[in-house]
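Comments concern the structure below.
Every value quoted in this text rests on a predicted model; they were computed, and no experiment measured them.
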Amino acid sequence: MSDSLRPAAPRLAWLAVAAVTVAALVASVTGLGNGFALDDVLVIEQRALLHSLGDLHTLLVSAYWQLPPEDTLWRPLGLLSFAAQWVAGGGAPMLFHALSIGLYVAASLAVLALAWQLLPPLGALTAGLVFAVHPVHVESVGNIVGQLELWVALAVVTAAALYVRARRRDALGFDTVLGILALAGLGLGFKEHAVLLPGFLVALEVTVLREAPTASDGGLRRRVLVVGLFAITALWLLVRADVVGGLAGDRPHVALKGLDATGRAWLMLGLVPELLRLFLWPARLYADYSPQYTPLHAAPAPAHLLGAGIVVAYLLALVVAMRRDRALAMGLLWIAVAYSIVSNLLLPTGILLAERTLFLPSVGVAIALGALAVKVAPRVAVAAAVPRTLAVALSLGLIGVAAVHSAERQHAWKDNDTMMAALIADAPQNFRGYFWLGDQLLRGGDLVAGEAAMRRAMALWPEHDGPPLGLALKLQERGFCEPALLYYDIATRLEPRKPTPKFGRSSCLLSLGRLHDARSAAFDGLVSGRSAPAFRFLILAADSALAATDSVASNNWWLARQREQARQPVP
């Protein structure tokens, strides 16, 4: 290890710990009074399973999202943690937010610990402070379900710090190996992107550990670690597949529907400038990044030029850093590894761009900025007094502004009403704000305003089936089946394999007395191969009503024709 990387005096280390702790608290403690918002409501507040610890087996083998027609994702320790917090706090959100703040401080200190192994004290402190105050972290801290991001980052970064420390000292003992394996299992229990830990260890090996001592045991313990990580991941995949019914990930985002890998690559390339902005200048933050705020281009377009330029600049910087500054190279590689799953390049996911998914990649941003601070510091030190003072004041000012911005932004996650109002005000061209607002108004019984909001959402993003389906369901619930049929038809056209709009349409037709149409719609739903018992019930109800008016011959002819259709293979 070079002299510049030797651990600083204990007193300096403790001062750095204190500074990062205070910065993380300033940036996050204002969220302590927040309630349940957005996914918190569906995942925690309205899920009875998480309101007690009486059925741990069901809790641990339940999918994270239980949304028909299929379950998606498996995060057992996340659900267990939410249940434990609900029981301990009597369902009060304050305990949830207090734990989120504590986890955020711990994650910030873990980043400081990792940076302390890679950079001189100034660089490590810079990395720790940047991470602690970064505004892009607000969603992960202010929204309760963001705890999963915090747990994974804490586990993965701590494992990386342990690995670097042991490798540099040629002391990768079995105790360290077991600790890293335990952290890997812990991370996977909370959220699936902990599977990237081996990728981070490889990034460390090819950058900052290239000249680490050769293991005295011939690399046996590293091989044990590799095998152990593979075994834990394989076991997790097997159990996960059993719970959710396969190896597929989350339900793909609507914008990715029908796109192959090339189309997804073009679409995500158009989002690269926004990604860079969120990493380096997150002055504007949003709860959602959807059309029309986020432009979507699944084929080559002029809008891709800026993104392509950023990608080329990143690759050039990585090549140069690999030769001249390995800590900087590690930070850049960390970003790529951490973003690989949510980039939609390897496989489609349920998001296009979300602040919570940038929590782990931002570790690399913080370390890269810490490495750059080390490069700049000698030049600042020999500058004249005034420029030197201005440089220090500017750096501290940016840290302070970021902390204040983060603290203020925490309030936006207070509850659903606050979040929706903020999104509509901040991004009036984003369909999601009107979708959420429409859903809230319809749930409250305001059909006129709710329909107006939903229609606005449909106009902003006509390809999304959520607004027409949500509107149709609420109209039918209130007894307005005639207008509901229009929106069921739109939802069915957008998602022809989804059973919910077909079931709603058939039941609406049944209640309107259009029995032949109801039966035909039910058979159409039955042919789709999903929710068969529900559609058979509607067919039986229509048959029973028709028996009083149709002749036997007519009835038998109709049933024979529909049964023949039902026997056709599902497309």
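For the pair E205 and Y163, the minimum side-chain heavy-atom distance is below 4.5 Å. Put simply, the side chain of L398 does not reach to within 4.5 Å of the side chain of V401, judged on heavy atoms. Side-chain contact check for W151 versus K191: every heavy-atom pair is 4.5 Å or farther apart. Looking at heavy atoms from C-beta onward, V156 lies out of side-chain contact with L183 at the 4.5 angstrom threshold. The side-chain heavy atoms of L95 and W86, taken from C-beta on, include no pair separated by under 4.5 Å. A heavy-atom distance below 4.5 Å is found between the side chains of L201 and L225. Between Q292 and F431 there is no side-chain heavy-atom pair separated by less than 4.5 Å. Within the 4.5 Å cutoff, no side-chain heavy atoms of L79 are placed close to those of L49.
The one candidate from I232, L197, L235, L77 that meets the side chain to side chain contact (heavy atoms under 4.5 Å, CB included) condition with L188 is I232.
A side-chain hydrogen bond (donor to acceptor under 3.5 Å, both in side chains) check over residues 383-393, counting only residues at least two apart or in different chains, returns nothing. Applying the ring-ring contact (aromatic ring centres under 6.0 Å, His included) rule to pairs touching residues 268-290 yields Y286-Y289, Y286-Y293, Y289-Y293, sequence neighbours excluded.
Scanning both residues, M330 and T207, for their nearest heavy atoms gives CG-OG1, 3.2 Å. A327 and L118 make their closest contact through CB-O, 3.9 Å (heavy atoms, listed as atom of the first residue, atom of the second, distance). Across all their heavy atoms, V145 and F82 have their closest contact at CA-CZ, 3.9 Å. Residues R409 and L285 approach most closely at NH2-O, 3.2 Å, considering heavy atoms. The shortest heavy-atom contact between I351 and R356 is CG2-NH2, 3.5 Å. Minimum interatomic distance between P387 and A384 (heavy atoms only, all atoms of both residues): CD-O, 3.2 Å.
Between the OG atom of S395 and the CG atom of L390 there is a distance of 10.5 Å, given to the nearest 0.5 Å. For the atom pair D288 CG and T294 OG1, the distance stands at 7.5 Å (nearest 0.5 Å). Here the straight-line distance linking atom CG of D325 with atom NZ of K375 works out to 4.5 Å at 0.5 Å rounding.
If you look at H137 and F131, their ring centroids are closer than 6.0 Å.
With salt bridges taken as basic N to acidic carboxylate O contacts below 4.0 Å, none links E192 and R240.
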